[in-house]
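Protein chains get the first letters and strands the later ones, always in sequence-line order, with residue 1 at the start of each.
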Amino acid sequence: MSVTSRNLQLYNSLSGKKEKFEPLHENNVGMYVCGPTLYSEPHMGNMRTFINFDLIYRYLLHLGFNVKYVRNITDAGHITNSAGHEEDSIGKAARLEQMQSLEIVYKYNVKFQELQRIYNLLPPSIEPTATGHIQEQIEIIEQILNNGYGYAVNGSVYFDTKKYMQDFNYGILSGRKVDELENETRNLNAQDEKRFFADFALWKKANPDDMQIWRSPWGNGNPGWHIECTAMSTKYLGKHFDIHGGGMDLKFPHHEDEIAQSCGSFGCNPAKYWMHANMLNVNGQKMSKSFGNYFLPKEIIEGTTNLFKKAYPANVLRFFMMQAHYRSTLDFTETALDAAEKGFSRLTDGLNLIEKLNTAENSSFDVQSIVSSFYEAMNDDFNAPILIANLFDAVKQINLINDGNATINKADKDLLETEMKSFVFNVLGLEIASSNNDSKLKPVMELVLDLRQQARTNKDWTTSDKIRDGLAAAGIVVKDGKEGTTWS
RNA sequence: GGUCUCAUGGCCGAGCGGCUAGGCACCGGUCUGCAAAACCGUCUACAGCAGUUCGAAUCUGCUUGAGACCUCCA
């Protein structure tokens, strides 16, 4: 779409307000999103975040921006507990599954790539891995040390939060005040190497049983939890880029520490706009491994979770998630999913109908304003729920035209068709599955329905109903419409 | 314990000072041999109590309830 429709407002977590989106470099947008840690298969909650940023990516592309979208893959061990048990999550998973760490990361990456295809995510411009950027991470740590915002102890390196706070605002994103944090801190480990409780690891000395170890100026070890994102975003997007995104739960400490690392090494906040996608809830609680209320994106489309009775297609799930704003939590419930499934079919029916519509001299409704409403919705901080509501307004008009209760002219019809399809397919990323394309089944069905039609013409209801019931038992639904019988 | 967020009709969810989305369900209708489907129409909600205002779901305060973060987490 033309540059004139670019009146995009987005919510910046940094300011806590909606702001006009003005990219740093005119037509080019740099966007970094924190990707998955591949020590297990991403669950549905993880997918929601990636789907939401896919929506954002797609709409920026739709507006004609040249977007460089970087989403990392964390394949280096996260040290999970700074107070004691020095076990990294990837190493732990590898031990449990008796695999090498790279083997396990590779295994889950294959699954993740498959999920992206199933859920129709556009591939990012690049998906860099943490293990591929150890050298870059080390270099940034060195810069932080040179600038005096870090210190090495015993083979590990920590970020010096106290020193940093003299020059910068630690807590700028999360709104946390360090002196408040101090009071909250539970029992600091006496042997802790950190000078200050709020300091965090940039480099962690290796343990004998670590599965991943790299050499560094401070000895063998592995990178801290936050440095990889700083290294990779800087490498591919520069020291200051447009959008940094991720899940709400990464705001603190992960993103706060990324800002500290960037300021500490380059003197500037890495991103102009920080965007956070909200969580997926099940039973009113955040979907999470530790709560055990999670299911996998594959399970729900295969109908193998015990949370839901039936299976849902990926496009229905995507549609369901698009009906909630990315900054709101969303509850997964069976009735809500069933409602989404029906709603989605209403939308696709309308979309299939539009090309068959007869045109008239004039349009009985304002097509241009409906189309504008699509843009207005998305320009308002990517408000997909409103976009969908507006698409349903269009569907209503399409149905009215189809029933002869409204009219549309040729130019309006072409405009509406183009824009609706563009928003549904390209922006919302929804695909309409055409199920009755089986080349062998099709002639068989034609024959069967022909026989049934004969029976119906002869008022042989017993035979016609027998055919209908038999097909229903085989999972094929027959619908007698005005213009003949269809099946699916 | 600290910080913060949220409470919308039967359900899911937008809206965030006046025009009171949308989907699903329900109910009524059209169509139909029947059924299903499809389509049309109906359905006025904002946790409670005060306050600000000509006017509040939307702003302020309090109460109650739920959740998130503070520890790996999308």
I'd like to know if [X] reaches the base of [N] with its side chain such that a donor and an acceptor end up less than 3.5 angstrom apart.
X: A:Arg468; N: B:rA35; answer: yes
X: A:Asp480; N: B:rA35; answer: yes
X: A:Arg346; N: B:rC39; answer: no
X: A:Asp465; N: B:rG33; answer: yes

For A:Lys309, enumerate each residue passing the salt bridge (charged side-chain N to carboxylate O under 4.0 Å, His left out) test, keeping only those at least two apart in sequence or located in another chain.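 Partners of A:Lys309 by the salt bridge (charged side-chain N to carboxylate O under 4.0 Å, His left out) criterion, ordered by chain and then number, come out as A:Glu334.
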
What residues, two or more places apart in sequence or in another chain, satisfy salt bridge (charged side-chain N to carboxylate O under 4.0 Å, His left out) together with A:Asp465?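 Checked A:Asp465 against salt bridge (charged side-chain N to carboxylate O under 4.0 Å, His left out); matches are A:Arg468.
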
Starting at the 5' end of RNA chain B, which residue's closest nucleotide do you reach first, A:Val477 or A:Gly45?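 Between the two, 5'-proximity favours A:Val477.
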
Assign each of A:Lys342 and A:Asp249 to its nearest nucleotide of RNA chain B by heavy atoms, then name whichever residue's nucleotide is nearer the 5' end.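 Of the two residues, A:Lys342 wins.
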
Is there a Watson-Crick or G-U wobble partner for [N] with both distances under 3.5 Å, and if so, which one is it?
N: B:rA68; value: B:rU3
N: B:rA21; value: none
N: B:rU32; value: none

pi-stack flag for A:Phe50 and B:rA74, centroid dist under 5.5 Å, interplanar under 30°: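 No.
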
Take the protein atom [atom1] of [X] and the nucleotide atom [atom2] of [N], then report the distance between them rounded to whole Å.
X: A:Asn399; N: B:rG29; atom1: CG; atom2: P; value: 21 Å
X: A:Asn281; N: B:rC73; atom1: CG; atom2: P; value: 19 Å
X: A:Ile401; N: B:rC39; atom1: CD1; atom2: P; value: 14 Å
X: A:Gln9; N: B:rC16; atom1: CD; atom2: P; value: 12 Å
X: A:Leu391; N: B:rA21; atom1: CG; atom2: C1'; value: 13 Å
X: A:Met248; N: B:rA68; atom1: CE; atom2: P; value: 12 Å
X: A:Phe295; N: B:rA74; atom1: CZ; atom2: P; value: 16 Å
X: A:Glu376; N: B:rG15; atom1: CD; atom2: P; value: 15 Å

How is [X] classified with respect to the nucleic acid when contacts are heavy atoms under 4.0 Å: base, sugar-phosphate, or nothing?
X: A:Lys251; value: nothing
X: A:Lys286; value: base
X: A:Gln285; value: sugar-phosphate

So, A:His133 versus A:Tyr236: side-chain donor-acceptor pair below 3.5 Å or not?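 Looking only at side-chain atoms, A:Tyr236 and A:His133 do form a donor-acceptor pair, the distance falling under 3.5 Å.
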
Under a 3.5 Å threshold, yes or no: a donor from one side chain and an acceptor from the other, between A:Glu193 and A:Tyr158?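 The criterion, which ignores hydrogens and geometry beyond distance, is satisfied for A:Tyr158 and A:Glu193.
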
Does the ring center of A:Phe295 lie less than 6.0 Å from the ring center of A:Phe308?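 Yes, ring centres under 6.0 Å apart.
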
Looking at the rings of A:Tyr69 and A:Phe53, which for Trp means the six-membered one, are their centres under 6.0 Å apart?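 So the answer is no for these two rings.
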
Could you please name the option among [options] that lies closest to any side-chain atom of [X]?
X: A:Phe392; options: B:rG23, B:rG33, B:rA74; value: B:rG23
X: A:Asn46; options: B:rC69, B:rC73, B:rC40; value: B:rC73
X: A:Met279; options: B:rA21, B:rG33, B:rA74; value: B:rA74
X: A:Lys479; options: B:rA37, B:rA74, B:rC39; value: B:rA37

Using a cut-off of under 3.5 Å, enumerate the N/O to N/O pairs linking the protein to nucleotides 9-14 of chain B.
from   : atom 1 : to       : atom 2 : distance (Å)
B:rC11 : O2'    : A:Thr335 : OG1    : 3.1
B:rG13 : OP1    : A:Asp331 : N      : 2.7
B:rG13 : O2'    : A:Gln323 : O      : 3.1
B:rA14 : OP1    : A:His325 : N      : 2.6
B:rA14 : OP1    : A:Ser328 : OG     : 3.0
B:rA14 : O3'    : A:Asn383 : ND2    : 3.4

Write down the distance separating the P atoms in B:rC49 and B:rU64, rounded off to the nearest Å.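 My reading of the P atoms in B:rC49 and B:rU64 gives 15 Å.
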
Looking at A:Asp338 and A:Lys342, is there a salt bridge between them, counting it only when a charged N and a carboxylate O are closer than 4.0 Å?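 No, A:Lys342 and A:Asp338 are not salt-bridged.
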
Can you say whether the rings of A:Phe200 and A:His226 are parallel (under 30°), tilted (30 to 60°) or perpendicular (over 60°)?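 Judged by the thresholds at 30° and 60°, the geometry between A:Phe200 and A:His226 is perpendicular.
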
Applying side-chain contact (heavy atoms from CB on, under 4.5 Å), run through A:Asn12 and A:Trp274 and close with a yes or a no. CA-CA 5 Å; A:Asn12 190 351; A:Trp274 283 82; 4.0 Å; yes

